[in-house]
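What follows is one structure encoded as structure tokens, with my remarks underneath.
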Amino acid sequence: MSDRGKPVAARVDGKIVDLSRLTDHNPGVELIYADSPEGVEVLRHSTAHLMAQAVQSLYPGTQVTIGPVIEDGFFYDFAPPTPFTSDDLPRIEAKMKELAKADFRVERVEMDRAEAIKMFEAMGEHYKVEILNGIADERVSIYKQGGWMDLCRGPHVPSTGHIKAFKLTSVAGAYWRGDERNAMLSRIYGTSFGSKDALEEHLKLLELARARDHRKLGREMGLFLFDPISPGAPFFLPKGATIYNQLVEYIRRLYRRYGFDEVITPQIYKNELWQRSGHWDNFRENMFLTSDGESGKLELDSSPEGWRQGYGVKPMNCPGHTFIYASEKRSYRDLPLRIADFGRLHRAEPSGTLHGLTRVRTMVQDDAHCFCAPEQIGEEISLNIRMVRDVFPALGFESVEFKVATMPEKHLGTEEEWRRNEKILGDALTQNGYPWEINPGEGAFYGPKIEYYVPDALKRKWQLATIQLDFNMPERFGLKYTTAAGVEAQPVMIHRAILGSLERFIGVLIEHTGGVLPFWLAPEQARVLSLTEKVETYAAEIAALLKGAGFRASADLRNEKLGFKVREAELAKVPYMVVVGEREAAARTVSIRLLRGEKSRTAALEDLLDLLKAEPLPA
Ligand SMILES: [Zn+2]
Ligand SMILES: [Zn+2]
């Protein structure tokens with residue numbers, strides 16, 4: 001037996017099935033282990049069954065409903081006589097361990113749907129009856145283990161003894177079928193892994209994620225706040241705005257180097273723009289629109305001209321940029337034309353999806369559009385790839401994974417054109433030395449794109465930069481240029497963002513770094529802490545010296561104990577704590593304490609300045 005443990009299922013003809021369904025002769029069968037994505041899914045669903053079995057044995061009168069596998073785990077929704085609380089979890093877990101140890105065989109039984117309905121009716125499982133009534137199949141499968149059973153498609157592990165490393169993580173209320181007019185159910189979340197080590201590592205990451213939650217750190221570091229007066233819209237406080245502006249400045253340096261010109265474009269446009277761009281038909285639900293005056297619901301505008309009516313706040317910059325392109329007659333000599341825009345965007349995200357900075361209704365992207373001739377696509381894509389090269393390492397991310405998102409089912413243009421352009425994107429990545437994978441069918445309807453996936457310290461992958469080819473918008477807005485041969489042709493538009501939404505990026509960066517940002521981004525780079533009142537002048541002098549040299553520094557001169565001041569500076573994630581007492585004042589030295597470990601050490605005042613000056617800046 002390998003160290004992968006026992007197989008949990010098998011793949012036959014591309015389908016994952018129970019091991020018990022293998023016959024003597026299964027050509028091409030592949031055993032599935034719990035350390036593979038498919039295997040861990042089987043294991044987690046079986047763990048959900050084990051939990052339901054434990055719950056029903058501990059809490060008689062509880063009905064089962066559904067229990068699917070989700071990312072990183074599973075849940076099961078129950079209808080118990082009294083709702084569960086987190087206090088119930090240890091008891092349920094203990095019972096699950098007992099049932100796992102008993103190593104019940106997991107059996108699959110098929111029966112007529114009518115028969116199954118009768119059986120679950122007799123058991124008082126009304127939700128299962130409702131589910132069965134909604135199924136079209138005449139035959140259904142039931143999974144049984146140790147006298148307990150559930151309606152289920154499977155597959156499952158061969159016996160409950162395969163379930164060895166699991167944890168119930170939380171309890172929540174959930175409406176039956178997600179509809180608030182229905183009964184409130186009790187949902188229990190849990191997770192399960194093929195080995196104890198894998199489970200432990202996952203639980204550690206969960207704990208770390210809680211400790212690093214950017215909403216919590218943002219409060220502690222004084223970066224931003226939210227208020228119900230504008231849901232999903234952050235108020236960046238001075239320190240948060242510093243991080244924000246530093247990122248913008250960094251990207252601006254890249255713009256200068258790579259030939260992008262920045263523009264500033266309108267915030268609101270007449271709805272005819274959105275009709276023309278296609279947003280009206282495809283994105284209107286996510287837009288903030290002024291009253292159109294026809295609905296009769298909102299008469300915001302009583303002026304005779306009606307100039308306040310029929311506007312939409314931009315959710316994207318692209319349609320506006322086509323007007324800049326079209327403002328002059330363009331020839332092949334003008335191309336590529338690259339324009340960048342830090343314009344504020346608004347998107348009406350549903351309130352249930354809002355989450356701190358990572359899902360907001362107002363955002364700014366490091367957004368740019370390159371207009372080029374079709375034969376320039378390869379070189380233009382390559383330039384954008386080179387531009388992004390140093391960004392993520394400079395921000396402390398170790399690796400990037402690349403995907404080329406290809407032709408989706410709903411698409412414009414022929415398959416031949418798509419394959420040709422997908423190849424251009426892939427080749428550009430290869431030429432720049434990047435391995436990449438295909439993300440099948442995930443391109444935008446108007447063209448393929450390169451996606452950058454950046455793993456963070458919590459092993460989550462964020463899709464950040466994107467480079468998208470677009471043949472549609474130039475067509476919709478009738479963009480043209482004159483070729484070298486004097487013929488009119490249509491340019492291609494490339495949409496490109498590096499960090500993406502700055503709001504979301506800052507949220508990701510805070511969680512990735514735990515708030516310990518690279519020195520050049522730290523909102524407060526040094527804080528001078530005075531030990532006694534007698535050294536106030538000296539402490540203030542140092543802070544002034546650092547500020548004069550261009551650093552973001554402050555002095556904490558309060559009459560508080562040093563330990564207290566240090567803790568506060570640590571909470572604010574200030575990289576350099578500069579402690580001064582009477583001895584330091586007399587010798588014109590400082591005691592330097594770093595946020596990132598290391599013991600404190602004494603240095604001359606000039607050395608402190610040199611130390612800060614030596615901190616790396618991104619290229
Ligand atoms: Zn099931
Ligand atoms: Zn765009």
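Worth saying up front: this structure is predicted, and the values here are computed from it rather than measured. Basis for what follows: all heavy atoms, side chains included, without hydrogens, waters or symmetry-related copies. Every number for a ligand or one of its atoms is a count from 1 in the order of the listing.
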**OP:** Step by step, work out the side chain to side chain donor-acceptor pair (under 3.5 Å) result for D18 and Y143.
**Re:** CA-CA 11 Å; D18 301 322; Y143 278 81; 2.6 Å; yes
**OP:** With salt bridge (Lys or Arg N to Asp or Glu O under 4.0 Å) as the test, would you mind laying out the steps for E379 and R386 before giving the verdict?
**Re:** CA-CA 10 Å; E379 181 41 43; R386 290 200 302 278; 3.5 Å; yes
Original post:
So, is C318 placed with an N/O/S atom under 2.8 Å from the Zn ion (ligand 2), counting both backbone and side chain?
Top reply: yes
Original post:
Which angle, to 10 degrees, forms at the Zn ion (ligand 1) with SG of C152 on one side and NE2 of H45 on the other?
Top reply: 90°
Original post:
Looking at H495, which of its N, O or S atoms is the nearest one to the Zn ion (ligand 2)?
Top reply: ND1
Subject >> The single option from Y189, F75, Y59, Y76 passing ring pair (Phe, Tyr, Trp, His ring centres under 6.0 Å) against F84 >> reply: Y59
**OP:** Output, in order, the C-alpha distance, side-chain angles, deciding distance and verdict of side chain to side chain donor-acceptor pair (under 3.5 Å) for Y244 and E503.
**Re:** CA-CA 8 Å; Y244 201 100; E503 280 75 5; 3.1 Å; yes
